[in-house]
Novice: 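Dropping the structure in here first, questions after.
For reference, positions follow the sequence shown, starting with 1. Predicted model only: the values in this text are computed from it and were never measured.
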Amino acid sequence: MLLDREISAERKVFNFKNEIAKIYYDNFKKASSIELKVLFKTKISMKLISIFITLASFIIIILFIKPLLENEITSGEFIGIITALFSLNQILSSSLQDASKNISEAKEYMKDLNTLLNFDKNSSYLKEAEHNMFFDSLEFKDIYFSYRNSNENILNGISFKIEKNKSYAFVGRNGAGKTTITKLITGLFDNYRGEILINGQDIKDYDPSEIKGIFSVIFQDFNIFETSIYDNIAFKSAKKELSDEKIIRVLKELKIGHVLDKLEDGIHQKIGKINDKSIEFSKGVGQKIALSRIILSDSPVKILDEPTSALDPLTENWLYEQFKKIMKEKTSILISHRLASTKICDQIFVIDNGKVVETGSHKELMKKDGLYKKMYTSQEEFYYESI
């Protein structure tokens, strides 16, 4: 937080560097205290090793006194043995003390290393997404879910069904559980009660690589990786089937073709701060790159979780219209706070207190005097008042 370039603006505006520096110093003192304890234990073990080696040397010397007195060995040989023992004592003391010190210091790191080494190399979580997956339906049946160390349910017996080749939207107040639904759909959490069925089969019966292949997601806190534009888009797809022309066409449909035209390497331009030739994009351009990632993915279900938060309302509206054209006769799920964007969806699920409280198209829900109409009217009035 003190050095990261990404939060330099907040660091300067909110002037929290002194507070963060204090937190860093407090944690540094704790770390120093732990290190001193480790050092103390190391010193004790080093002394014990030294004492043990010295006692062993004296015992060996005592054992050679009798042969010396009985003239079985000469005094020169006896002195040679003593000299060798003390040299060995010095060498062993130094080596074993260093080894003890290194083991004590590395003990905590070894825990993480052992966890890594013991990780199942054949785990299905490490497999790449399967391609050309079949999708017919997704159903939540009476799902309850709460986050770890929380006694409050985010989802309270929620049920709904999604069918292929239709577009859906989840809307609701903050904290209603919309993003949580996305995480359950994509298999990121499995500590829920109830049933989640994909094509009529329990989601837990699917291999994680198959779940990755069925769903393609762009989250609100999406990431643009410090590699080329092409790799940012193609890594979710079967690269051999994704040509430069396909990527360029979609990027132009999303109206960032003019950005590509200015780049020396086109879609193979490096992004970020990797080297001197790398460039950085605005968050709006970044969102369009992330959006093209799921458009070009061969996953049958596309999920957009607040994907346009960095765009102005006009660009957002245009983008959703474009997305609707591109995703025609495909399955898509949209999560958004801006209810105007949900007009493009065939069916809207209104979430409140972890349950679906209303469902229908935009027109159907506006005819009801329910939560959706209340939220939509509230947002509409805000824009009118702003004018």
Novice: Answer yes or no: are there more than 12 heavy-atom neighbours, outside Asp352 itself, under 6.0 Å from its atom CG?
Specialist: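 Buried by this count: over 12 neighbours within 6.0 Å.
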Novice: Does Val259 reach the side chain of Lys288, with side-chain heavy atoms less than 4.5 Å apart?
Specialist: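 Not touching, per the 4.5 Å side-chain cut-off.
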Novice: Could you measure the distance from the CD1 atom of Ile198 to the CG atom of Asp136? Nearest 0.5 Å is fine.
Specialist: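 One finds 11.5 Å between CD1 of Ile198 and CG of Asp136.
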Novice: Quick one: are Arg293 and Ile224 in side-chain contact, heavy atoms under 4.5 Å?
Specialist: yes
Novice: Taking the side chain as C-beta and beyond, is there a heavy-atom pair between Val301 and Ile185 under 4.5 Å?
Specialist: no
Novice: Can you tell me which residue among Lys252, Glu245, Lys246 is in a side-chain contact (heavy atoms from CB on, under 4.5 Å) with Ile248?
Specialist: Lys252
Novice: For atom OH of Tyr147, is the number of surrounding heavy atoms from other residues, nucleotides or ligands below 6.0 Å larger than 12?
Specialist: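 Counting neighbours around OH of Tyr147, more than 12 heavy atoms of other residues, nucleotides or ligands fall under 6.0 Å, so yes.
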Novice: Report the relative orientation of the aromatic rings in Phe170 and Phe160; use parallel for angles under 30°, tilted for 30 to 60°, perpendicular for over 60°.
Specialist: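 If you compare the ring of Phe170 with that of Phe160, the planes turn out perpendicular.
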Novice: Atom CD of residue position Glu152 - does it have more than 12 heavy atoms of other residues, nucleotides or ligands inside 6.0 Å?
Specialist: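 Incorrect, the count does not exceed 12.
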Novice: Is there a path of hydrophobic side-chain contacts, each under 4.5 Å between heavy atoms, that joins Ile82 and Ile65?
Specialist: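 The answer is yes; both residues are in one hydrophobic cluster.
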Novice: Determine yes or no for a side-chain-to-main-chain donor-acceptor pair under 3.5 angstrom, with Ser378 supplying the side chain and Lys374 the backbone.
Specialist: no
Novice: Show the nearest heavy-atom pair for residues Gln269 and Glu264, with the distance to one decimal.
Specialist: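 That would be OE1-N, 4.1 Å.
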Novice: Starting at CD1 of Ile289, measure out to CD1 of Ile218 and round the result to the nearest 0.5 Å.
Specialist: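 Result: 10.5 Å between the selected atoms.
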Novice: State yes or no: do Phe189 and Leu197 share one hydrophobic cluster built from I, L, V, M, F, W and Y residues joined by side-chain heavy-atom distances below 4.5 Å, directly or via other members?
Specialist: no
Novice: Indicate the atoms forming the closest heavy-atom contact of Ile335 with Thr182, along with that distance.
Specialist: CD1-OG1, 2.8 Å
Novice: Just checking, any donor-acceptor pair under 3.5 angstrom between side chains of Ser159 and Asp142?
Specialist: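 Absent: no donor and acceptor within the cut-off.
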Novice: Nearest 0.5 Å, what's the NZ-CG distance between Lys373 and Leu371?
Specialist: 13.0 Å
Novice: Counting N and O atoms only, with roles assigned by atom type, does the side chain of Tyr230 sit under 3.5 Å from a partner on the main chain of Gly266, one being a donor and the other an acceptor?
Specialist: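 Absent.
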Novice: Between Ser167 (side chain) and Asp346 (backbone), is there a donor-acceptor pair under 3.5 Å?
Specialist: yes
Novice: For Thr186 and Phe215, which heavy atoms make the closest approach, and how far apart are they?
Specialist: CG2-CB, 4.0 Å
Novice: Consider side-chain contact (heavy atoms from CB on, under 4.5 Å). Of Ser297, Ser228, Ser292, which one does Ile233 pass it with?
Specialist: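 That would be Ser292.
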Novice: Examine distances only and state if a side-chain atom of Lys183 and a backbone atom of Leu188 form a donor-acceptor pair shorter than 3.5 Å.
Specialist: no
Novice: Looking at Glu72, I'd like to know if its CD atom is crowded, meaning that more than 12 non-hydrogen atoms belonging to other residues, nucleotides or ligands lie closer than 6.0 Å.
Specialist: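 Yes.
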Novice: Using a cut-off of 6.0 Å, state whether more than 12 heavy atoms not belonging to Lys367 lie near its atom NZ.
Specialist: no
Novice: Please report the closest heavy-atom contact between Phe145 and Thr180, naming both atoms and the distance.
Specialist: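 Taking every non-hydrogen atom into account, CD2-CG2, 3.4 Å.
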Novice: If you define the side chain from C-beta out and look only at heavy atoms, does anything of Ile348 sit under 4.5 Å from Glu364?
Specialist: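 A side-chain contact under 4.5 Å is absent here.
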Novice: Do Asn199 and Tyr206 come close enough that some side-chain heavy atom pair is under 4.5 Å?
Specialist: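 Yes, at least one pair of side-chain atoms sits under 4.5 Å.
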Novice: Should we count CG of Asp369 as having more than 12 external heavy atoms under 6.0 Å?
Specialist: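 No - once you tally the heavy atoms of other residues, nucleotides and ligands closer than 6.0 Å, there are 12 at most.
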Novice: Hey, any chance Ile81 and Leu63 share a hydrophobic cluster, counting ILVMFWY side chains that come within less than 4.5 Å of each other, even indirectly?
Specialist: no
Novice: Just how far is it from atom CD1 of Ile196 to atom CD1 of Ile211, taken to the nearest 0.5 Å?
Specialist: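 These two atoms lie 9.5 Å from each other.
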Novice: Any heavy-atom pair between the side chains of Phe225 and Ile271 that's under 4.5 Å?
Specialist: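 Counting from C-beta outward, Ile271 and Phe225 never come under 4.5 Å.
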Novice: I'd like to know if the side chain of Ser299 reaches the main chain of Gly213, judged simply by a donor and an acceptor atom lying under 3.5 Å from each other, with no hydrogens or angles considered.
Specialist: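 Yes; judged by distance alone, with no hydrogens or angles, the pair exists.
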Novice: Just grab all the ring pair (Phe, Tyr, Trp, His ring centres under 6.0 Å) pairs involving residues 354-374, residues at least two apart or on different chains.
Specialist: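 As it turns out, the ring pair (Phe, Tyr, Trp, His ring centres under 6.0 Å) pairs with a partner in residues 354-374, which skip direct neighbours, are His362-Tyr372, His362-Tyr376.
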Novice: Is there a side-chain contact between Val217 and Ile294 (heavy atoms, below 4.5 Å)?
Specialist: no
Novice: Please check: side-chain N/O of Lys164 versus main-chain N/O of Pro300, any donor-acceptor pairing under 3.5 Å?
Specialist: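 No.
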Novice: Kindly give the heavy-atom pair with the smallest separation between Leu184 and Ile143, and that separation in Å.
Specialist: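 Closest heavy-atom pair between Leu184 and Ile143: CD1-CG2, 4.0 Å.
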Novice: Show your reasoning for whether side-chain contact (heavy atoms from CB on, under 4.5 Å) applies to Ser137 and Lys161.
Specialist: CA-CA 7 Å; Ser137 66; Lys161 188 171 184 178; 4.0 Å; yes
Novice: If you take all heavy atoms of Thr359 and Gln347, which pair is closest and at what distance?
Specialist: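 The pair with the smallest heavy-atom distance is OG1-NE2, 2.8 Å.
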Novice: Heavy-atom count check: over 12 atoms from other residues, nucleotides or ligands less than 6.0 Å from Lys204 NZ?
Specialist: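 Yes, the 6.0 Å shell around NZ holds more than 12 heavy atoms from other groups.
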Novice: OH of Tyr144 to NZ of Lys355: how many Å apart, nearest 0.5 Å?
Specialist: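 The distance works out to 5.5 Å.
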Novice: With a 4.5 Å limit on heavy-atom distance, are the side chains of Lys262 and Ile279 in contact?
Specialist: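 The answer is no, as the side chains (C-beta and beyond) never meet within the 4.5 Å cut-off.
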Novice: Once rounded to the nearest 0.5 Å, what's the spacing between atom CD1 of Ile295 and atom CG of Leu254?
Specialist: 5.0 Å
